Engineer: 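The structure's right below; bear with me while I get my questions together.
Only a predicted model underlies this, so the values are computations on that prediction, with no experimental measurement involved. In what follows, chains are A, B, ... by sequence order, proteins preceding strands, each numbered from 1.
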2 protein chains.
Amino acid sequence: MKLKSTVATRNTRQKDAIRAAFVETGRPLSPEEVLSYAHRTAADVSIATVYRNLKMLVEEGWLIAVQLPGEPPRYELSGKEHHHHFLCDDCRKVYELEGCVPAIELKLPRGFRAFSHDLLLHGICPACIPKHA
Amino acid sequence: MKLKSTVATRNTRQKDAIRAAFVETGRPLSPEEVLSYAHRTAADVSIATVYRNLKMLVEEGWLIAVQLPGEPPRYELSGKEHHHHFLCDDCRKVYELEGCVPAIELKLPRGFRAFSHDLLLHGICPACIPKHA
DNA sequence: CTGCGTGCAAATGCTTTGCAAAGAC
DNA sequence: GTCTTTGCAAAGCATTTGCACGCAG
């Protein structure tokens, strides 16, 4: 019955750098974005390690995967309440938005039963608006 | 200046089978779904041909790509007005929904500018509800 | 020390592409 | 007959995994 009693997971320079990326940026990140941020503090992190750690952090409940239409997956800190996202069509950065539209139960044909929904807003983020002046 | 004056595209058994899949099912289809339907009338269609034709049909404006979070792309007949989709969490089929939620402009932080949105409802479709009784 | 975590490279799985042969017109 | 389209197999990409070594505890 091998209980993973104590440690089981070790702290490594790479793992710390990966966690720090989320804490410091405060927004959903793609694997490639995580790699870029992690490189700042741990120059030798490999993309394989990023993928492995993202998966582990999701399994242990520290992160959740954020799927967006036509985009590579992003990951964000878990534990937040229901919210949606904003994708900048220029720089491709994703931001979290508070709240949700009210009557989301739009005309559902008879016989269908909806349990949840995903909403994504597209546009330009503050950092990119100058480029489109 | 090679004008593609006349023909340029030829009608083939495979292409007809692919177009028929959309006309007959009336819902967004993934490449694999298209392949399955096409096999009914053209037993030897290859997946490469499906991908090539989907791309061509999008380029000539007959189809549009429908991207959904965490899902392979679907394709649907173009020319419809603004609408959203429903994904059955059981059979993975996608359906088109009419209309849109009204005040979609939820709390957007200052400095952001939104131009469009994507909405997907998740649930169970009529065909799958019996399985969940 | 022990063995988990890492980098590298090979292996996937989905989609695209090169090429010779089949087929549309 | 000419030139597009197809099927097959190889090539691409993003992501996952096997393996031997390095490092945390």
Engineer: What's the separation between atom CG in L119(A) and atom CZ in F86(A), rounded to the nearest 0.5 Å?
Structural biologist: 12.0 Å
Engineer: Can you tell me the distance, in whole Å, between the CD atom of E60(A) and the C1' atom of dC4(C)?
Structural biologist: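 After rounding, the gap between these two atoms is 14 Å.
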Engineer: Mind listing the N/O atom pairs, protein and nucleotides 16-20 of chain C, below 3.5 Å?
Structural biologist:
unit_1	atom_1	unit_2	atom_2	d
dG18(C)	O6	R52(B)	NH1	3.2

Engineer: What integer distance in Å separates L54(A):CG from dG5(C):C1'?
Structural biologist: 15 Å
Engineer: Would you mind reading off the distance between Q67(A) atom CD and dA14(D) atom C1', rounded to a whole angstrom?
Structural biologist: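 Those two atoms, CD and C1', are 13 Å apart.
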Engineer: Give, ordered by number, those residues of residues 29-38 of chain A having at least one heavy-atom distance below 4.0 Å to an atom of DNA chain C; if nothing qualifies, reply none.
Structural biologist: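 Going residue by residue through residues 29-38 of chain A, none turns out to have a heavy atom under 4.0 Å of DNA chain C.
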Engineer: For the pair made of CG in N53(A) and P in dG5(C), what is the distance, rounded to whole Å?
Structural biologist: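 Taking CG of N53(A) and P of dG5(C), I get 9 Å after rounding.
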Engineer: Please list residues of residues 14-23 of chain A whose heavy atoms come under 4.0 Å from any atom in DNA chain C, ordered by number; otherwise none.
Structural biologist: Q14(A), K15(A)
Engineer: What about R10(A): does its side chain form a donor-acceptor pair under 3.5 Å with the base of dG3(C)?
Structural biologist: yes
Engineer: Go through it in stages, so that I can follow the logic: the residues are K93(A) and D90(A), the test is salt bridge (charged side-chain N to carboxylate O under 4.0 Å, His left out), and I'd like the CA-CA distance, side-chain angles, deciding distance and then a yes or no.
Structural biologist: CA-CA 8 Å; K93(A) 283 195 183 77; D90(A) 188 84; over 6 Å; no
Engineer: Would you please classify the geometry between the H117(A) ring and the H84(A) ring as parallel, tilted or perpendicular, with 30° and 60° separating the classes?
Structural biologist: tilted
Engineer: Locate the shortest heavy-atom distance separating V34(B) from I18(B); write the atom from each residue and the value.
Structural biologist: CG1-CG2, 3.9 Å
Engineer: So, using side chain to side chain donor-acceptor pair (under 3.5 Å) as the criterion, who are the partners of Q14(A) when residues are at least two apart?
Structural biologist: none
Engineer: Between E96(B) and K80(B) (salt bridge meaning N to carboxylate O under 4.0 Å), is one present in this structure?
Structural biologist: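 Yes.
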Engineer: Which heavy atom of E81(B) sits nearest to which heavy atom of H83(B), and what is that distance?
Structural biologist: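 For E81(B) versus H83(B), the nearest heavy atoms are O-ND1, 2.7 Å.
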Engineer: Grab the CZ-C1' distance between R74(A) and dA14(D) for me, whole Å please.
Structural biologist: 14 Å
Engineer: Distance check, rounded to the nearest 0.5 Å: L68(B) atom CG versus L120(A) atom CG?
Structural biologist: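 Answer rounded to 0.5 Å: 12.0 Å.
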Engineer: Would you mind reading off the distance between D44(B) atom CG and dT5(D) atom P, rounded to a whole angstrom?
Structural biologist: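 Computing the D44(B):CG to dT5(D):P distance gives 17 Å.
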Engineer: T49(B) or R13(A): which one's nearest nucleotide on DNA chain D is closer to the 5' end?
Structural biologist: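 It is T49(B), whose closest nucleotide lies nearer the 5' terminus.
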Engineer: Apply side-chain contact (heavy atoms from CB on, under 4.5 Å) to Q67(B) and list each qualifying residue two or more places apart in sequence or on a separate chain.
Structural biologist: P69(A), P73(B)
Engineer: Check whether any side-chain N or O of T9(A) sits under 4.0 Å from OP1 or OP2 of dC4(C), and answer yes or no.
Structural biologist: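 So the side-chain polar atoms of T9(A) never come under 4.0 Å of the phosphate oxygens OP1 or OP2 of dC4(C).
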Engineer: Once side-chain hydrogen bond (donor to acceptor under 3.5 Å, both in side chains) is applied, what residue pairs with a partner in residues 52-61 of chain A remain, sequence neighbours excluded?
Structural biologist: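 Non-adjacent pairs meeting side-chain hydrogen bond (donor to acceptor under 3.5 Å, both in side chains): zero.
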Engineer: State plainly whether the residues R19(A) and E24(A) are in salt-bridge range, i.e. N to O under 4.0 Å.
Structural biologist: no
